[in-house]
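Input: a single structure, listed below in structure tokens.
To find a chain, count down the sequence lines: A is the first, B the second, and so on, and within it residues start at 1.
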Amino acid sequence: MELYKQQQLKLYNSLSNKKEDFKPLIEGFIGMYVCGPTVYSNVHLGNVRTFMSFDLIYRYFKHLGYKVRYVRNITDVGHLENDADTGEDRIAKKARLEQIEPMEVVQRYTVDFHNVLNKFNFLPPSIEPTATGHIIEQIEIIKVIIDKGLAYEVNGSVYFDVLKYNEKEHYGILSRRNIEDSIHNTRELDGQSEKKNPQDFALWKKAQPEHIMRWLSPWSDGFPGWHLECTAMSTKYLGKQFDIHGGGMDLKFPHHECEIAQANASNQQMPVNYWMHTNMLTLNGQKMAKSTGNYILPNDFFTGDSKHLSKVYVPPVVRFFMLQANYRSILDFSDDALLASEKGYYRLMNAVNLLDNLTASKSSTFDVKTWKQNCYDAMNDDFNSPVLIAQLFEGVKFINSVRDGNESLTQEDLSAFKTTINTFVFDVLGLEDATVDDSSDKLSGIVEMLIEMRNEARANKDWTLSDKIRDKLLERGIQLKDGKDGTTFSVN
RNA sequence: GGCGUUGUGGCCGAGUGGCUAGGCUGGGCUCUGCAAAAGCUCCUACAGCGGUUCGAAUCCGCUCGACGCCUCCA
């Protein structure tokens, strides 16, 4: 029987602001759409956090036995710098500044995005569509919305008529806004606007003569608006109605609100059952953002070359750090917090690695079944990875005690225990073991030899030599551990 | 100004009406040639002020602070 039939999952739905029992439209299948990056620059760590949250969610769904179609787009056109008519397309601007083709910009940062995600051990989505690959679909949606009378054309550009839509529907249903409020609080534009109302948003923009990203449409040579691509691609691959739509908290308004309006306008139904929003990663208490310069790049961890970092960190440590916070909480980044996570991470890994060396006993002193369900309960409660990790540390303590002979497990319990811990650590949390690498076989042979030499020195009470071997190894990241049954080591 | 979120011990971070979060750090003990590792143990907090309740960090109100969105942002 599939695991999802045994585990009742609750997830927090931004649409209702409540935790709800999760029930997919079609039993056993999940359609999930996540707003991907706009590839006009390198992804920063805040971007990574969002996608990591959904990687965790995707992994857990898969573990539960769901067939998941996970769609995460690449925005490669249409994302304007601001909503004023003077706003420039981010990618076109970057191309202009660097004097290269827009598609070179797109290619460069798409590759960077994939490289970064691979380093952090992300599972690839099922489909990763691009906005430029779905111009026709976007044009078709615009036609439908115009036919419904909810969009209008001005000088070759097409805008969504928010006020008109709001007459029969609620624009602001997701972000809990009233259109009246935003009318009163909208900053005055410079009076040049083609839009009937400042709240209206572009479905299609006519390209200026110098603009190099342009496509033919019934209205003009131009390009699609930012919000539209997600509606086009989610509808195409997941249907008019699907289970989950996710993205960063900052996309809730206006991006997701606009998506709802467009989809609702063209398909006559609410597109998404569960909206999920991940919270921000902050640096110095402020949101990480390219525009303010307050950010840290993933690559900084691997070089250690940043004023925010005291040393080099391996990717799983960063991953572990992020998973120690719930995806809906703001997480503040600091070197101290990362150092603490690093220690915890290695403690966890060292215990996992001990598992294979444990010997079974006639009886168990640990309730494996309850502990295992505790792990599931944590994840079933809106993907509460911090609580899961707390449970895993209960396991760590227990493993170490078994090793020391203070606790015991039957063969059956031992294998259940092993399976559970490996499943959650590697499959669900997606943590890689940084204590092993390709050269581990040769390395351990050499370290075993040094341990032997040190033991000889210790037997001769030659503490100078024995301590030298131990300390020199530690300097190189190899830690010797003297236990009852001899010396073991770990590579940190 | 509007909408929303939030304020937890030295630090990071769960929880949310009575019952241990967890990690890191610091103190003590065991083990050890000494350490480290590991185990045990101690340090026991919920911004402030009122209210509801037998009982609130947890619910309600107010105050103060922080953050996010309201223009692009994961």
Picking from B/C34, B/G39, B/A14, the nucleotide nearest the side-chain atoms of A/N400 would be B/G39
Does a salt bridge link A/R72 with A/D55, judged by any charged N lying under 4.0 Å from a carboxylate O?
no
Looking across every strand, which nucleic acid part, if any, lies under 4.0 Å from A/Q286 by heavy atom: base, sugar-phosphate, or nothing?
sugar-phosphate
Salt-bridge contact A/E342-A/K311 (side-chain N to carboxylate O under 4.0 Å):
yes
Write down the distance separating the P atoms in B/A45 and B/G22, rounded off to the nearest Å.
15 Å
OP1 or OP2 of B/A14 less than 4.0 angstrom from a side-chain nitrogen or oxygen of A/S329, does that happen here?
yes
Given that A/G344 and A/S401 both sit by RNA chain B, which one's nearest nucleotide is further toward the 5' end?
A/G344
Say you pick atom C1' in B/A57 and the same atom in B/U44; how far apart are they, in whole Å?
13 Å
For B/U25 and A/K343 - does any side-chain N or O of the residue sit under 4.0 Å from the phosphate oxygens OP1/OP2?
yes
Donor-acceptor pair present, A/R177 side chain and B/C70 base, under 3.5 Å:
no
Spacing of the C1' atoms in B/A14 and B/U20 (rounded, Å)
12 Å
State the pairing partner of B/A35; accept Watson-Crick or G-U wobble contacts with both distances under 3.5 Å, and report none otherwise.
none
Taking any strand in view, what nucleotide pairs with B/U16 in a Watson-Crick or G-U wobble way, both distances under 3.5 Å?
none
Out of B/G39, B/G22, B/A35, which has the shortest distance to the side chain of A/F393?
B/G22
Is the closest basic N to carboxylate O distance between A/D332 and A/K287 below 4.0 Å?
no
Which part of the nucleic acid does A/L480 contact within heavy-atom distance under 4.0 Å: base, sugar-phosphate only, or nothing?
base
So, do A/Y376 and A/F424 have ring centers that fall under 6.0 Å from each other?
yes
When we call it a touch if two heavy atoms are under 4.0 Å apart, what does A/R328 touch: a base, just sugar-phosphate, or nothing?
nothing
Taking B/U25 as the reference, what is the distance to B/G39 when you measure between their P atoms (whole Å, please)?
12 Å
For the aromatic rings, using the six-membered ring if either is Trp, is the centroid distance between A/F242 and A/Y237 under 6.0 Å?
no
Nucleotide of B/A74, B/G22, B/C72 approaching A/K287 most closely (side-chain heavy atoms)
B/A74
Any strand is fair game: report the nucleotide pairing with B/G7 by Watson-Crick or G-U wobble, both distances under 3.5 Å, or none.
B/C64
What's A/E394 touching, base or sugar-phosphate or nothing? Going by heavy atoms closer than 4.0 Å.
sugar-phosphate
Kindly point out which of B/C12, B/C24, B/A74 is positioned nearest to the side chain of A/M288?
B/A74
Would you indicate, yes or no, if B/G22 has its OP1 or OP2 atom less than 4.0 angstrom from a side-chain nitrogen or oxygen of A/R347?
no
Please identify which of these residues, A/N384, A/T50, A/D382, meets the side-chain hydrogen bond (donor to acceptor under 3.5 Å, both in side chains) condition with A/Y327.
A/D382
Heavy-atom nearest pair, A/L355 first then A/K418, reads O-CE, 3.4 Å
Given B/G23, B/G68, B/G13, identify the nucleotide with an atom nearest to the side chain of A/Q324.
B/G23
Going by purine N1 to pyrimidine N3 plus the second Watson-Crick contact, or the G-U wobble pair, all under 3.5 Å, which nucleotide sits opposite B/C59?
B/G51
Starting from the 5' end of RNA chain B, give me the residue, A/F398 or A/H255, whose nearest nucleotide shows up first.
A/F398
B/G51 to B/G55 separation - C1' atoms, rounded to the nearest Å
15 Å
Assign A/H44 to base, sugar-phosphate, or nothing according to its heavy-atom contacts below 4.0 angstrom with the strands shown.
base
Is there, by distance only and without an angle test, a donor paired with an acceptor across the side chain of A/R176 and the base of B/C69 below 3.5 Å?
no
Would you state whether a donor and an acceptor, one from the side chain of A/D482 and one from the base of B/A35, lie under 3.5 Å apart?
yes
Would you mind classifying the nucleic acid contact of A/L281 as base, sugar-phosphate or nothing, using non-hydrogen atoms under 4.0 angstrom?
base
Classify the nucleic acid contact of A/G285 as base, sugar-phosphate or nothing, counting any heavy atom under 4.0 Å across all strands shown.
sugar-phosphate
B/A14 phosphate, OP1 or OP2, under 4.0 Å from A/N384 side-chain N/O
no
